[in-house]
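Here is the structure we will look at.
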Amino acid sequence: MKTADTKICLIIGDPVNHSLSPLMHNVAYKSVGLEEQFVYLAASVPVVKMKSVIESVLTLGIRGLTCTVPHKVAVIPFLDEIDETARKIGAVNTVVNTNGILKGFNTDWLGVITPLREETKLSKKKVLVLGAGGASRAVVYGLIKEGADVTITNRTWEKAKKLASEFGCRAIKKVDENSVKDMDIIINTTSVGMHPHENMSPLSCGGIAKKHIVMDIVYSPHETLFLQNAKKSGAKIIHGIEMLLHQGTAQFELYTGVKAPIELMRKTLQNTLLL
Ligand code: ATR
């Protein structure tokens, strides 16, 4: 039961109605006995209203503010503190309110790095990152931190070049079979293949084989064409749902200080997305 002491966590986005975060977090609160202490809600807010949102967070004593696109950059000027990782990535997806002090974090990079780390050591691994947008920044940051050898490619070449020079890695204009063969890991950070464009893949050439680990951050459909093709070639695949899960577990722990019930959260997402 909720009481006068229940702390509010809130996800904002524009739009936000598709978000699975409220479901994932509320189920988790219940399972670890925090149902009375926490509730997780959602609000669709235009990005120009960020100042009002922050005033509301402070006025209402909202404990946690989750920011999705396009709020991850817009929230930064309103924060009292920003964690070093979020500063380097240049985006905040998690704001923790501790007695009126707002501190921003980024857990997106953990969403990709944690499931990859479970499969392999990333140090010195050759990783091809498809895309150079916001999600790619978090992924590239995490990979470089782990000591991986990163190559970025993107539809808009200038963006790939800029991101690579910022993080001290390589960018390539065109991906061919040989460049794919040379890699250990390939990660899609673009929206290509996302519902309703399930028949598209971000990689048009061959070269993926059994030795590869292939990850997609797209989680709808559960198994994108990119992952289906990689699986057929014998590669180890990691579904987009893992990114959603691991950014969420890290965020749960920042808001509550309690270890996240990861298996239950995974099951909750799977049950919803595989309906
Ligand atoms: P996010 O924050 O989700 O990463 P973003 O910053 O808009 O979103 O980045 C989207 C990424 O997907 C970009 O790398 C984009 O390529 P461009 O930089 O050329 O725009 C990539 N992308 C989106 N649609 C694409 C498509 N149809 N083909 C290839 N790349 C695409």
Side-chain angles (χ1 to χ4, degrees), residues 11-16 18-21 24 47 66-76 83 85-95 104-117 122 127-146 148 150-167 169 171 175 185-195 197 200-203 213-222 224-227 230 237-251 269 273:
I11 178 167
I12 55 164
D14 186 18
V16 82
H18 63 283
S19 173
L20 296 172
S21 291
M24 175 169 66
V47 73
T66 303
C67 300
T68 62
V69 178
H71 299 65
K72 291 183 190 186
V73 178
V75 74
I76 292 175
D83 141 274
T85 299
R87 187 187 304 282
K88 284 189 183 141
I89 295 171
V92 162
N93 74 327
T94 305
V95 178
F105 298 86
N106 187 304
T107 67
D108 287 334
W109 71 282
L110 285 167
V112 170
I113 298 305
T114 310
L116 281 173
R117 255 200 228 126
L122 290 168
V127 187
L128 178 64
V129 176
L130 311 177
S136 174
R137 283 188 70 85
V139 171
V140 171
Y141 165 82
L143 291 169
I144 298 285
K145 190 176 151 74
E146 294 290 313
V150 179
T151 302
I152 304 168
T153 190
N154 190 48
R155 176 179 60 181
T156 310
W157 163 242
E158 290 70 27
K159 280 170 69 182
K161 216 167 70 174
K162 188 162 174 286
L163 189 58
S165 86
E166 196 180 323
F167 284 99
C169 57
V175 181
I185 300 170
I186 302 165
I187 308 171
N188 174 41
T189 72
T190 78
S191 50
V192 178
M194 191 188 292
H195 174 81
H197 303 291
M200 287 172 67
S201 169
L203 192 67
I213 297 174
V214 176
M215 179 168 188
D216 203 332
I217 68 161
V218 172
Y219 60 82
S220 174
H222 176 65
T224 56
L225 182 61
F226 174 54
L227 289 183
I237 61 166
I238 302 177
H239 296 99
I241 201 174
E242 291 298 313
M243 155 117 186
L244 190 61
L245 173 69
H246 288 280
Q247 65 77 33
T249 55
Q251 187 171 80
L269 291 176
L273 289 167

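Numbering of residues begins at 1 and proceeds along the displayed sequence.
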Item to check | Test log, rule side-chain hydrogen bond (donor to acceptor under 3.5 Å, both in side chains), inputs Gln251 and Thr107 | outcome: CA-CA 6 Å; Gln251 187 171 80; Thr107 67; 4.5 Å; no

Checklist entry - Going through the distances and angles, do Ile187 and Leu116 end up as a side chain to side chain contact (heavy atoms under 4.5 Å, CB included)? => result CA-CA 10 Å; Ile187 308 171; Leu116 281 173; 3.6 Å; yes

Checklist entry - Between Asn188 and Ile217, is a side chain to side chain contact (heavy atoms under 4.5 Å, CB included) present by the stated rule, with each step listed? => result CA-CA 6 Å; Asn188 174 41; Ile217 68 161; 5.5 Å; no

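Sorted by first and then second residue, the salt bridge (charged side-chain N to carboxylate O under 4.0 Å, His left out) pairs involving residues 106-117 (not counting sequence neighbours) are Lys72-Asp108, Arg117-Glu146.
Smallest separation of non-hydrogen atoms from Ala148 and Val127: CB-CG2, 3.9 Å. What you find for Leu20 and Leu244 is that their closest heavy atoms are CD1-CD2, 4.0 Å. In terms of heavy atoms, Pro221 sits closest to Gly193 at CD-O, 3.4 Å. When all heavy atoms of Ser19 and Ser21 are compared, the closest pair comes out as OG-N, 3.1 Å. Taking every heavy atom of both residues into account, Leu110 and Pro115 meet most closely at O-CD, 3.7 Å. Residues Val92 and Gly104 come closest through the heavy atom pair CG1-CA, 3.8 Å.
The closest donor-acceptor contact from the side chain of Asn154 to the backbone of Lys159 lies at 3.5 Å or more, if one exists at all. Side chain of Glu166 to backbone of Arg137: no donor-acceptor contact under 3.5 angstrom is found. Between the side chain of Ser201 and the main chain of Leu203, a donor-acceptor pair closer than 3.5 Å is present. Of the possible donor and acceptor atoms, none in the side chain of Ser136 sits under 3.5 Å from a partner among the backbone N and O of Thr189.
The aromatic rings of Tyr141 and Phe167 stand perpendicular to each other, their planes meeting at an angle above 60°, with 30° marking the opposite boundary.
Inter-residue side-chain proximity for Phe226 and Val192 is flagged as unmet; no heavy-atom pair is nearer than 4.5 Å. A 4.5 Å side-chain heavy-atom check between Ile12 and Cys67 finds at least one atom pair inside the cut-off. Side-chain contact between Thr114 and Thr249: absent, with no pair of heavy atoms (C-beta onward) separated by less than 4.5 Å. The closest side-chain heavy-atom distance from Met215 to Ile185 is not below 4.5 Å. Under the 4.5 Å side-chain criterion, counting only non-hydrogen atoms from C-beta, Thr85 is not in contact with Phe105. Using a 4.5 Å heavy-atom cutoff, the side chains of Asn106 and Asp83 are not in contact. Under the 4.5 Å side-chain criterion, counting only non-hydrogen atoms from C-beta, His71 is in contact with Asp14.
Taken from CD1 in Ile237 to CG in Leu227, the straight-line distance is 5.0 Å, to the nearest 0.5 Å. In this structure, OG1 on Thr224 lies 10.5 Å from CE on Met194, to the nearest 0.5 angstrom. Between atom CE of residue Met243 and atom CG of residue Asp216 there is a gap of 11.0 Å, rounded to the nearest 0.5 Å. The structure places CZ of Arg155 at 12.0 Å from OG1 of Thr153, a figure rounded to the nearest 0.5 Å.
Put simply, the residue from Leu163, Leu143, Val140, Thr151 that forms a side-chain contact (heavy atoms from CB on, under 4.5 Å) with Cys169 is Val140.
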